[in-house]
Amino acid sequence: MVAESERVQWDCVPLERVGPLRFGMDPQDAVAAMEVRGFTADTTSLPRNFGPFKQQCTRFRRTGTPLYRVDAVAYYVESMGLTCITIDALTGPQVTLDGLRLVGQRPSELAAELAAYLDKLGKEAGITPEGDIGSQELGILPRAQRAGDILLTRVVFGRPNDWANTMFDCIPAEEFDVR
């Protein structure tokens with residue numbers, strides 16, 4: 001696990017970008033943007049079916065870190081480009097939203113902070129089947145990821161588009177696997 005002080009620091013603009021990754025960009029542009037920020041693209045998967053479309057993903061890790069490490073994953077859907085971004089709870093960048101730290105937090109603490117933030121903005125907090133608090137309106141879905149004997153937040157960012165009416169529609173099924 002990466003200490004909070006050693007995490008790369010990113011901010012996000014809901015439904016627009018997470019760090020250097022912008023929704024809608026193609027895999028080549030995402031790889032180039034991440035390389036400038038010190039990340040290596042280990043794999044870009046072959047296209048696979050995702051609803052009526054083909055989807056692929058790129059796994060990123062900090063340059064110089066072990067090959068098995070995955071700090072962020074970018075998912076692309078054919079003509080729509082980047083539609084979903086996930087940040088690992090243990091090693092991923094710290095992503096902030098108006099000063100609210102989203103990654104690597106205790107789920108109950110982030111849930112309370114995110115609910116208060118959404119209330120302040122007059123936006124609705126959504127509750128997932130797993131009981132996590134997120135926001136369809138902001139495209140943010142914190143998920144619990146195991147870190148030894150505790151759980152920390154792994155954050156999934158998505159942007160509904162022409163065919164994905166909700167955030168859940170644009171998130172690949174593998175992101176709902178238990179971690």
Between P142 and L114, the two heavy atoms sitting closest are CG-CD2, 4.0 Å
The side chain to side chain contact (heavy atoms under 4.5 Å, CB included) partner of L82 among R22, R17, M25, R159 is M25
So CG of L102 and SG of C12: to nearest 0.5 Å the spacing works out to 5.5 Å
Between the CG atom in L100 and the CG atom in D11, the distance rounded to the nearest 0.5 Å is 12.5 Å
Notebook entry, point to check: Is there side-chain contact between K123 and L138, with at least one heavy-atom pair below 4.5 Å?
Noted result: yes
Rounded to the nearest 0.5 angstrom, the CG-CG distance for D132 and L151 is 9.5 Å
Shortest non-hydrogen pair, V73 vs V70, comes out as CG2-CG1, 3.6 Å
Legend entry - V156 and C84, any side-chain heavy atoms less than 4.5 Å apart: yes
Between I140 and the options V95, L15, L118, L97, the side chain to side chain contact (heavy atoms under 4.5 Å, CB included) test singles out L97
Residue pairs meeting salt bridge (Lys or Arg N to Asp or Glu O under 4.0 Å), one or both in residues 99-114, sequence neighbours left out, come to E4-R101
dist Q145:CD -> R143:CZ (nearest 0.5 Å) comes out at 9.5 Å
Closest heavy-atom pair, G104 versus L152, reported as atoms and distance to 0.1 Å, is O-CD2, 3.5 Å
dist D29:CG -> L21:CG (nearest 0.5 Å) comes out at 11.0 Å
Over 12 foreign heavy atoms within 6.0 Å of CD1, I127: no
Taking the side chain as everything from C-beta on, heavy atoms only, tell me whether R154 gets closer than 4.5 Å to I87. no
Does a side-chain heavy-atom distance below 4.5 Å link V36 with P20?
no
### Message
Can a donor-acceptor pair be found, under 3.5 Å and without considering hydrogens, that links the side chain of T58 to the backbone of A74?
### Response
no
query: Got R69 and V2 here, is their nearest side-chain heavy-atom distance under 4.5 Å?
result: yes
* Pairwise side-chain contact, Q55 with C57, heavy-atom cut-off 4.5 Å (strictly under) -> no
### Query
Got R7 and V103 here, is their nearest side-chain heavy-atom distance under 4.5 Å?
yes
Here the gap from T86 atom OG1 to Y75 atom OH, rounded to the nearest 0.5 Å, amounts to 5.0 Å
When every non-hydrogen atom of T65 is compared with those of R61, the smallest separation belongs to O-NH1, 2.6 Å
**Prompt:** Is the distance between the ring centroids of F39 and W10 less than 6.0 Å?
**Reply:** yes
